[in-house]
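The structure appears right after this line, and notes come after that.
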Protein chains: 2
Amino acid sequence: MDVAREAGVSPSTVSRILNGTARVSDDKRQAVLAAIAEMNFAPNQMAQGLKKGRSMTIGIVVQDISSPFFDETLRGVDDGLKGTGYASVIVSGHWNAEEEADRIRLLLARKVDGIILLSGRMSDQTVLNFSTQRPIVSTGRALRTRSALGFKMDNEHGAYLAVHHLIELGHRRIAFISGPSNNIDAIERLAGYTRALAEAGIALDPQLIVEGNYHEASGMLAMNRLFDTHQQFTAVFAANDLSAYGARLALYRKGIRVPDDISLVGFDDLPGSSYTTPPLTTIRQPLYDIGRIATHSLLCIINGGETRGEVPPLELIVRETTRRVR
Amino acid sequence: MDVAREAGVSPSTVSRILNGTARVSDDKRQAVLAAIAEMNFAPNQMAQGLKKGRSMTIGIVVQDISSPFFDETLRGVDDGLKGTGYASVIVSGHWNAEEEADRIRLLLARKVDGIILLSGRMSDQTVLNFSTQRPIVSTGRALRTRSALGFKMDNEHGAYLAVHHLIELGHRRIAFISGPSNNIDAIERLAGYTRALAEAGIALDPQLIVEGNYHEASGMLAMNRLFDTHQQFTAVFAANDLSAYGARLALYRKGIRVPDDISLVGFDDLPGSSYTTPPLTTIRQPLYDIGRIATHSLLCIINGGETRGEVPPLELIVRETTRRVR
DNA sequence: CTGTTAGCGCCTTCAT
DNA sequence: ATGAAGGCGCTAACAG
């Protein structure tokens, strides 16, 4: 490298100073440092990576780059990476197993040192297969091998908490706007809803369950569907906050007051849920913490350390969209 | 490489097939393709990059990875990159000029082929300096050199549109929740507010202007401040949607109806603004398009092509938080 | 303490 | 049409 020439030393010496690999005499060090500053030189990370076999890059697979759900987790990842020298390349799988696998192959070709997979539709086995090439930490899966780790939230329990809260407030006709029926989290949340009802001796009415797709529009549609079929209910549990927002709008359009006429509970506790009108009662997912902990764990695996790290549990956040039934 | 050995050819031949650089006999091609498939080989991008001098990576600098404002733009970037072979490494400057510069240096060391800078506090001159190393496309700046390009929205005009809309509805006492006074966009939006008022012959009342910081909480605080100082007004213009959300909540807490008692206008048209209660009247920024166009332009510059691409203008979206004053 | 050498994986002349 | 050789920028092993 030309810093070496500029400073009148060999490339190795420069390298040694840059990496602190060995002792170097003070005068040469000064000269090199000066040359570096003057040329504002920074080592070519691609060359470094090629040589050392580590790119100092980790890959993140999200499903939707502009969903507050993933973005809050990404914030945790970003903070977790701070000061580690690692950078991240973020790709999106768009909730498509095929695309996820593609993206992971892309990351692998780029020699990322590890991968964080946020949710997704890929089978656990596929994840395990990829994990032979690079360590993978994933959310929404219960994995635990030498090079693959999963963090799974107790969705069933979370949903139970939500519905139980409603029941305690005296509600007995509780509608449920579910997630996509092929989504594992959605299935588990439905199970929690069912259990809470059963436990309270409330018969499950299939008419009160409408399938959504986790987006606002589907929450709105689901709500309208409930009205169109003349269902009677005093509360609604939406499988995620986004669909709760949509349901809220449908209610507003009908002139139905929340929580006075109907109570509403969401799931996720997105940042925006503290500022809806009224603020949304919901089940809090520790999204930021998940991102941080996943990152930390991945770094541990990469550096051959132990993988500890527990994620905080789901938690009911009572705000202002629920009230005792009159 | 071992694919070569496996297929009984030289590495050069494999490379030629991979890159379509030269004609290769069909039998050898088959052999190589088979070997590649069997070993599921993918070329090491770091080695490729080192050799070719292009990393097929672009760097994105956002200010806040979990803000819907940036995320919507990122979605445009992501789509713009689709199918190009480029991946992106996303870093955050956290609205700090020093940190932005740091992040850019990091991207440069990683040999990104170009940089997209979304907003930020760095001076134009600094951007220009960095652009000598790699092309930079930035939002929120009016730049146009061989290797630096900026897209600037007409904030003054946007704010004017918002306030003009309120004036047309008969409002004359219009409060303004501004952005940070050291933010260029904020300053321009204030100018638009001022001009609309002046044009309508309405005296500007400094008491009606409260500084916020673009976040929900500050919108809420600003609103309360207005009430605490007993200001009279029938409409509020918030400098961005997030602070409008906060203002909305403050209004709700006071039992003031929107739009019946007070009208509210935001700025940005975030995805969530269609689902607030009621849906927010706002100035639409073409965030997604900005991301797409910025990406496209950057790729053009990188490949030595011409830089065209116009961004759609700001636009008033009338939803349900504004109404004619009684 | 420091310079020389070799090689990370790939592509690109240059020969053949 | 194809193989051999050299080098992208850097670091680690080996001498000295």
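When reading the values below, keep in mind they use all heavy atoms of this one structure, side chains included, and skip hydrogens, waters and symmetry mates. Residue numbering restarts at 1 for every chain, and letters A, B, ... go by the order of the sequence lines.
Between Arg292(B) and Asp289(B), none of the side-chain N atoms (NZ, or NE/NH1/NH2) sits under 4.0 Å from a carboxylate O, so this pair counts as no salt bridge. Between Arg75(B) and Asp78(B) there is no salt bridge, since no side-chain N of the basic residue sits under 4.0 Å from a carboxylate O of the acidic one. For Asp124(A) and Arg141(A), the salt-bridge test passes: some basic side-chain N is under 4.0 Å from an acidic carboxylate O.
Within the structure, every side-chain polar atom (N or O) of Thr13(A) is placed at least 4.0 Å from both OP1 and OP2 of dC1(C).
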Nucleotides 8-16 of chain D: protein proximity per nucleotide (B base, S sugar-phosphate only, - neither; heavy atom, under 4.0 Å):
BBBBBB---
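Scored by the side chain to side chain donor-acceptor pair (under 3.5 Å) test, His215(A) finds no partners at all (sequence neighbours excluded). Every residue was checked against the salt bridge (Lys or Arg N to Asp or Glu O under 4.0 Å) condition with Arg134(B), not counting sequence neighbours, and none meets it. The side-chain contact (heavy atoms from CB on, under 4.5 Å) search around Ala87(B) returns Val89(A), Leu106(A), Arg110(A), not counting sequence neighbours.
Rounded to whole Å, the distance from CZ on Arg110(A) to P on dC10(C) is 15 Å. Note: CG (Asp27(B)) to C1' (dT2(D)) measures 12 Å, nearest angstrom. In this structure, Gln30(B) places its CD atom 17 Å from C1' of dT2(D), rounding to the nearest Å. To the nearest angstrom, P of dG9(C) lies 8 Å from NZ of Lys111(A).
Inter-axis angle, ends of the helix from dC1(C)-dG16(D) to dT16(C)-dA1(D), five pairs per end, rounded to 10 degrees: 50°.
Contacts classified as side-chain hydrogen bond (donor to acceptor under 3.5 Å, both in side chains) and involving residues 22-38 of chain B (residues at least two apart or in different chains) are given here: Ser25(B)-Asp27(B).
Contact annotation: the side chain of Ile104(A) never approaches that of Val91(A) to less than 4.5 Å [non-hydrogen atoms, C-beta and beyond].
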